Amino acid sequence: MATGQLFSRTTQALFYNYKQLPIQRMLDFDFLCGRETPSVAGIINPGAEGFQKLFFGQEEIAIPVHSTIEAACAAHPTADVFINFASYRSAAASSMSALKQPTIRVVAIIAEGVPESDTKQLIAYARSNNKVVIGPATVGGIQAGAFKIGDTAGTIDNIVHCKLYRPGSVGFVSKSGGMSNEMYNTIARVTDGIYEGIAIGGDVFPGSTLSDHILRFNNIPQVKLMVVLGELGGRDEYSLVEALKQGKVNKPVVAWVSGTCARLFKSEVQFGHAGAKSGGEMESAQAKNQALREAGAVVPTSYEALEATIKETFEQLVEEGKITPVKEVKPPQIPEDLNSAIKSGKVRAPTHIISTISDDRGEEPCYAGVPMSSIVEQGLGVGDVISLLWFKRSLPRYCTKFIEICIMLCADHGPCVSGAHNTIVTARAGKDLVSSLVSGLLTIGPRFGGAIDDAARYFKDAYDRGLTPYEFVESMKKKGIRVPGIGHRIKRGDNRDKRVELLQLFARTNFPSVKYMEYAVQVETYTLSKANNLVLNVDGAIGSLFLDLLAGSGMFTKQEIDEIVEIGYLNGLFVLARSIGLIGHTFDQKRLKQPLYRHPWEDVLYTK
């Protein structure tokens, strides 16, 4: 066991099993104490590597994350404290691994419930190698103004209240982490504060004992007074009794053993800690307090009198000139996290994203205010979901059915069109699904599938301005613009696209009005007089019919219709639909285990 000070203002630790809040509290304490370097050198997260962003005062820093204890110790040879936040299942193994590292001097085990046989092995190894184990079942420890373990001493407000940002003259050791926080407050009220405080942990077999730390405190010149808070159960306090009797401690010790109320119960009582259970008269709080008193410790008559006893002992040491009370200093202000400042109403911050279509903050996601469960319970389909997420309203059933028909009809158009071809080539190159899909989607544009918006835009403008089909087509010709939605590589006037016919039939049967579609048909009649392949294609059909859907439903203003067409909603239908087919082509090529595609020479015209 170490014989002197465990920590200093330059002590650095390795933190096992990443927990954001305890690490941030350590770093805030560092800043409060005026440390130049963060006390957390590295984080160990088994199986993960990289960095974690945290704050050191106002500065955001990146703390390295290592996948193994060995790698962390090699990367940070000056970090000699290992803070273990592993669960009780793995705490022993990881702690033993840390103890075996030559750079590690102190191991703090936070978990409670570590198997006692494992703890005994850790204790034996640590003692034989002059290392220190704090815990298991501990909150840790603190050296005021220098270093703290994890959540020791609680919040920054509590740390400031207990004056732990600068060293005092009192060494404190306890089994209980919760009572340690209480005692830091008590000691700060009646003395110049803590120099070092340790919670050894409440398990039956702590890695280090009360007497271990009292003997250490006795060797630290800055510690003038020592306070011990024990508890019933076990015989740890008797090692301190022996040390006092043998004259190994030459500084005043104020001690109290909690649990005197146990005698009020008729049967044996188990208190909060595994070790807080009296196994006989010797382990009772009364017997321990009496033994400590007889050995020379200053023991009050009750816990309520402990504060006054500490105050009296401290003031006596001041009068004797053995303590010169530490001068008070004003700690720096810890910057408040933005989230907490917003909640408390201290600041207001602009948001970075606006969303009006969905909300996932409640018990279940909502699409345009409609809960997910309601969508399922009402038996709504994909068209209804699109109407909510794209148009922010529930469209009539004939509208959502039309959307679904468009998706079905546009899902695929064979392997030879450019989008499918690109996807097939990419899939055969061994690329993943997303890469294959995107390679096909990137071909969508004015020449492939992307003419729906343009068809709607030009048909709407011409109809609204009252142009005849002749005037519309000829004006487009003069501008050198092909009429979007008109023309097909395969289909002819005598071999119409079946998809177009199906869409027109559905619209004539279900839509209140099909004025834009009828205008598109009139334009087709004129263009067919020029060439037999200038038929209304599926882009033109969808574009014109979507105008009829928007206008005929009575749910959109003229301005909203113009905006929908301008933004590109209608091309979104083709992108969504064709993604289904492109994904299918990707799976098809993967399933068939097709080799890398190479275009045949004979299909290329090589020319100068």
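Worth knowing before you read on, the calculation uses all heavy atoms, side chains too, and leaves out hydrogens, waters and symmetry mates. All values derive from a computational prediction rather than experimental measurement.
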Partners meeting salt bridge (charged side-chain N to carboxylate O under 4.0 Å, His left out) with [X] (sequence neighbours left out):
X      : value
Asp337 : none
Arg428 : none
Lys593 : none
Lys322 : Glu320

Using a cut-off of 6.0 Å, state whether more than 12 heavy atoms not belonging to [X] lie near its atom [atom1].
X      : atom1 : answer
Gln594 : CD    : yes
Lys431 : NZ    : no
Glu363 : CD    : no

Can you list, pair by pair, the side-chain donor-acceptor contacts under 3.5 Å of residues 55-72, counting residues two or more places apart and other chains?
from, atom 1, to, atom 2, distance (Å)
His66, NE2, His76, NE2, 2.8
Ser67, OG, Glu49, OE2, 3.3
Thr68, OG1, Ala71, N, 3.0
Glu70, OE2, Ser97, OG, 3.3

So [Y] and [X], do their side chains get closer than 4.5 Å, heavy atoms only?
X      : Y      : answer
Tyr16  : Ser95  : no
Leu437 : Ser579 : yes
Thr11  : Asp80  : yes
Lys19  : Arg25  : no
Ser180 : Thr152 : no

Check side chain to side chain contact (heavy atoms under 4.5 Å, CB included) between [X] and all other residues, then give those that pass, not counting sequence neighbours.
X      : result
Ser358 : Ser355, Tyr367, Leu389
Ala124 : none
Met96  : Lys100, Gln121, Leu122, Tyr125

- Task: Dump the intermediate steps for side-chain contact (heavy atoms from CB on, under 4.5 Å) on Ser208 and Val133, then the final yes or no.
- Result: CA-CA 6 Å; Ser208 51; Val133 174; 5.8 Å; no
- Task: Mind running salt bridge (Lys or Arg N to Asp or Glu O under 4.0 Å) on Glu328 and Arg166 for me, showing each step along the way?
- Result: CA-CA 8 Å; Glu328 192 52 68; Arg166 53 49 168 183; 3.2 Å; yes
- Between Glu237 and Lys175, is there a side-chain N and carboxylate O pair less than 4.0 Å apart? yes
- Task: Give the intermediate values and the outcome of side-chain contact (heavy atoms from CB on, under 4.5 Å) for residues Leu210 and Ser239.
- Result: CA-CA 8 Å; Leu210 299 173; Ser239 63; 5.8 Å; no
- Query: Would Val347 and Ile342 count as a side-chain contact (heavy atoms from CB on, under 4.5 Å) if you check the C-alpha gap in whole Å, the side-chain angles of each, and the deciding distance to 0.1 Å?
  - Reply: CA-CA 5 Å; Val347 298; Ile342 291 173; 3.9 Å; yes
Result block: side-chain N/O donor-acceptor pairs under 3.5 angstrom for residues 140-147, not counting sequence neighbours:
from, atom 1, to, atom 2, distance (Å)
Gln143, OE1, Gln5, NE2, 3.4

- CG on Leu317 to OG1 on Thr324, rounded to 0.5 Å: 11.0 Å
- So CD1 of Ile187 and NZ of Lys163: to nearest 0.5 Å the spacing works out to 12.5 Å
- Evaluation steps, side-chain contact (heavy atoms from CB on, under 4.5 Å), between Asp28 and Ile159: CA-CA 10 Å; Asp28 287 344; Ile159 287 170; over 6 Å; no
Under 3.5 Å, which donor-acceptor pairs link side chains of residues 306-315 to any protein atom two or more places apart or in another chain?
from, atom 1, to, atom 2, distance (Å)
Glu307, OE1, Arg189, NH2, 2.7
Glu307, OE2, Arg189, NE, 3.2
Thr309, OG1, Ala305, O, 2.8
Lys311, NZ, Glu315, OE2, 2.6
Thr313, OG1, Thr309, O, 2.8

- Tell me, which pairs form a ring pair (Phe, Tyr, Trp, His ring centres under 6.0 Å) where one or both residues lie in residues 84-108, sequence neighbours left out?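 For residues 84-108, and leaving out neighbouring residues, the ring pair (Phe, Tyr, Trp, His ring centres under 6.0 Å) pairs sorted by first residue read Phe15-Phe85.
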- Query: Under the ring pair (Phe, Tyr, Trp, His ring centres under 6.0 Å) rule, what pairs show up with a residue in residues 182-211, not counting sequence neighbours?
  - Reply: Phe172-Tyr184
- Query: Side chains of Asn158 and Thr155: do they bring a donor and an acceptor to under 3.5 Å?
  - Reply: no
- Message: Distance alone, cut at 3.5 Å: any donor-acceptor contact between the side chains of Ser176 and Ser174?
- Response: no
